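Here the structure is a predicted model, which is why all the values come from computation and not from measurement.
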Amino acid sequence: ETGLCEVIAISLHSGDRVNALKCVLGIQKVVATPTSDGSIRIAAAWAFKSHVIEDVRKLFVAGPAA
C-alpha cells in the first residue's frame, strides 16, 4: 500500500548499503542502466520530475546528497 519509497544501492563487493533516493509520497518509476565505464545510472520519477544519479559508485564514497 505504501508503494516504493526508497531506492537502496548495495555494493556487491562489500555488502555496504546506501539510500540512493527517497520520497515519502512514493516513487513511480525506477530505471537502472549500466554505463560504459562499468557503473550504474539510476533514474527515478516522482512529483512529475525525473531524478537521476549518474554514477552510483559515488554514493559509496560521499554518501547520498541531502
Query raised in the report: D55 and S39: side-chain donor and acceptor closer than 3.5 Å?
Result: yes

Requested in this report: Nearest 0.5 Å please: distance from the CZ atom of R41 over to the OG1 atom of T35.
Outcome: 10.0 Å

Query - Flag side-chain contact, heavy atom, 4.5 Å: V7 against H51 - result: no

Query raised in the report: Rounded to the nearest 0.5 Å, how far apart are CG of D16 and CD1 of I10?
Result: 10.5 Å

**Report entry** Gap between atom CG of L59 and atom CG of L21 - 0.5 Å precision
**Finding:** 8.0 Å

Query raised in the report: Just how far is it from atom CG of L4 to atom NZ of K29, taken to the nearest 0.5 Å?
Result: 13.5 Å

Report task. Over all heavy atoms of both residues, which pair between P34 and I40 is shortest? Give the atoms and the distance, please. Result -> CA-CD1, 4.2 Å

Query raised in the report: For the residue pair A20 and I42, what are the closest heavy atoms and their distance?
Result: CB-CD1, 4.2 Å

Query raised in the report: Can you tell me how far the CH2 atom of W46 sits from the NZ atom of K22, to the nearest 0.5 Å?
Result: 11.5 Å

Query raised in the report: What is the minimum heavy-atom distance between A43 and S50, and which atoms define it?
Result: CB-OG, 4.4 Å

